[in-house]
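Computed over heavy atoms, backbone and side chain alike; hydrogens, waters and symmetry mates excluded. Remember, predicted model here, so these are calculated numbers, not experimental data. Both ligands and their constituent atoms are indexed starting at 1 by order of listing.
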Amino acid sequence: MDPWDQAHGAASAEGPVARIMYASQAAIRHSVYQEMERIRASAVKHNEPAGIATALLHQSGWFVQWKEGPAPALQKIMDRVAGDVRHFDLRVVHRSRGPRLLSGPWSMAIVQCGETPADMEMRVQQLKHQVDEGLQFSPAAVWRRLSTPMKHPGATRQQDPDAFQRVLVCGASGMGSFDLVAWLGEEHQVDVVHRRFAGAVERDVGTDYVDFEQEGRVWRVIAMARHGLHLPLTRAFIPDYSHFVLLLSIDQERNEQLLQRVLRAYEFLPHPPALIGVVSRPEMHALPAALARRHGIPYLRALADSRDPQASWAEVQPLLMHWQQAANSSLMSGTGGMRIGQ
Ligand SMILES: Cc1cc2nc3c(=O)[nH]c(=O)nc-3n(C[C@H](O)[C@H](O)[C@H](O)COP(=O)(O)O)c2cc1C
């Protein structure tokens, strides 16, 4: 176990921590990447010893930062960060107390997309308005609403625009999960969104997602690279998926490797999403099903060639329909939050 896990992991004796998120406008004159690297160096130096974990996003001229840790240390670092001339117009969009959701000291994402700072500002304003009205969103929902908002008209009709079904897909080998997302994009004539992010020392992780409506339901299907599963930011979002689809291979060793990664990422989650294994022969379910059962995780069986997106989706989609929309709402009800003032 690494020292961070020992001191702050879910198995440690540490109690609840303070959590804060803010958005601020970036004032960076040089390369964003270089500046983020400088911020990372400061954060690793100051945050880690103080038990502060953070995830930092740069997107469309804005920073979004999620921080967790002991309240006094968090306040001290926030005071220093607030005075930094590399950003201004800092707006706090989340405050709560509870278990740690970030499983490591540092994550970052630099998102390049066609949006303007004004697009981002509008989302910050909308969110801040709802927060000021007393609505409390989980940190993952705040991040999602600012960085990867659901724009599908079907979802914006709902009272909580974040209450759509999210499904994670990962392949045991090859790029099958990305092929599935690309196929869904073509099938529903919608754009695929590409994102990259990074942990403390690892190479970047790519992820693609697509939003669409099918069977009267709004979906987001997200493809994730295998080596991204253990990143703190990835893990923080896992409880928000209804299911995790595993496109398995004919090579059982690779399947086992993927299952082990998934089980590590699931460690200590109170409500891990059900797994759906996709294999071409029924007997190939035996190994992943046994591993999942041993860890108390539901495992659903789909029979299709996992390299064929159309055939895989035809088998997986009916299994995904057994899902209660309310269970995945971003409003912090079941997860320890509430409507403030109630
Ligand atoms: C958006 C943003 C986020 C930052 N986050 C942190 C942080 O989490 N921890 C930290 O020590 N410094 C952070 N900084 C940098 C601090 O403002 C400050 O420059 C730094 O802590 C100074 O310490 P140093 O000179 O010892 O590196 C951040 C700066 C910006 C612009």
Practice task
Could you tell me which atoms of ligand 1, counted from 1 in the order shown, lie closer than 4.0 angstrom to a heavy atom of Ala43?
Solution key: 7 (C), 8 (O), 9 (N), 10 (C), 11 (O)
Problem - Salt bridge flag under 4.0 Å for residues Glu35 and Arg38 - result: yes
Exercise for the section: Note the single closest protein heavy atom to atom 5 (N) of ligand 1, along with its residue, its atom name and the distance in Å. Expected result: Gln65 NE2, 3.1 Å
Problem - Ion pair check, Asp119 and Arg123, cut-off under 4.0 Å - result: no
Handout entry: Side-chain donor/acceptor of Thr54 to backbone N/O of Trp66, under 3.5 Å
Key = yes
Exercise for the section: Report yes if Lys67 has an N/O atom closer than 3.5 Å to an N/O atom of ligand 1; otherwise report no. Expected result: yes
Exercise for the section: Identify the protein heavy atom lying closest to atom 6 (C) of ligand 1, giving its residue, its atom name and the separation to 0.1 Å. Expected result: Val81 CG2, 3.5 Å
Exercise for the section: Give yes if a backbone or side-chain nitrogen or oxygen of Asp84 is under 3.5 Å from a nitrogen or oxygen of ligand 1, and no if not. Expected result: yes
Problem - 4.0 Å protein heavy-atom contact status of atom 25 (O) of ligand 1, strictly under - result: no
Problem - Protein contact to atom 23 (O) of ligand 1 [nearest heavy atom, distance to 0.1 Å] - result: His46 NE2, 3.1 Å
Exercise for the section: Look at atom 27 (O) of ligand 1 and say which protein heavy atom is nearest, naming residue and atom and giving the distance to 0.1 Å. Expected result: Ser42 OG, 2.6 Å
Handout entry: Shared hydrophobic cluster for Val142 and Phe237 (ILVMFWY, side-chain gaps under 4.5 Å)
Key = yes
Exercise for the section: Between Tyr22 and ligand 1, find which residue part has any heavy-atom pair under 4.0 Å and reply side chain, backbone, both or neither. Expected result: side chain
Problem - Polar atom proximity, Ser24 to ligand 1 (N or O, under 3.5 Å) - result: no
Practice task
Write out the residue and atom name of the closest protein heavy atom to atom 28 (C) of ligand 1, then the distance separating them to 0.1 Å.
Solution key: Ile39 CG2, 3.5 Å
Fill in the blank from the handout: atom 21 (O) of ligand 1 sits nearest the protein heavy atom Arg80 NE, 2.9 Å
Handout entry: Path from Tyr241 to Leu101 over hydrophobic side-chain contacts below 4.5 Å
Key = yes
Exercise for the section: May I ask whether Trp4 and Leu56 are part of the same hydrophobic cluster, defined by side-chain heavy atoms of I, L, V, M, F, W, Y residues being less than 4.5 angstrom apart, directly or through others? Expected result: no
Handout entry: Electrostatic pair Arg217-Glu215, nearest N-O below 4.0 angstrom
Key = no
Problem - Tyr299 six-ring centre to Arg301 NZ/CZ under 6.0 Å and within 45° of normal - result: no
Exercise for the section: Find all atoms of ligand 1 within a distance of less than 4.0 Å from any non-hydrogen atom belonging to Arg86, and give their numbers and elements. Expected result: 15 (C), 19 (O), 31 (C)
Problem - For atom 10 (C) of ligand 1, the protein heavy atom that lies nearest, with its residue and separation - result: Asn47 OD1, 3.5 Å
Exercise for the section: Check ligand 1 against Lys45 and write out every atom of the ligand that is under 4.0 Å from a heavy-atom position of the residue. Expected result: 24 (P), 26 (O), 27 (O)
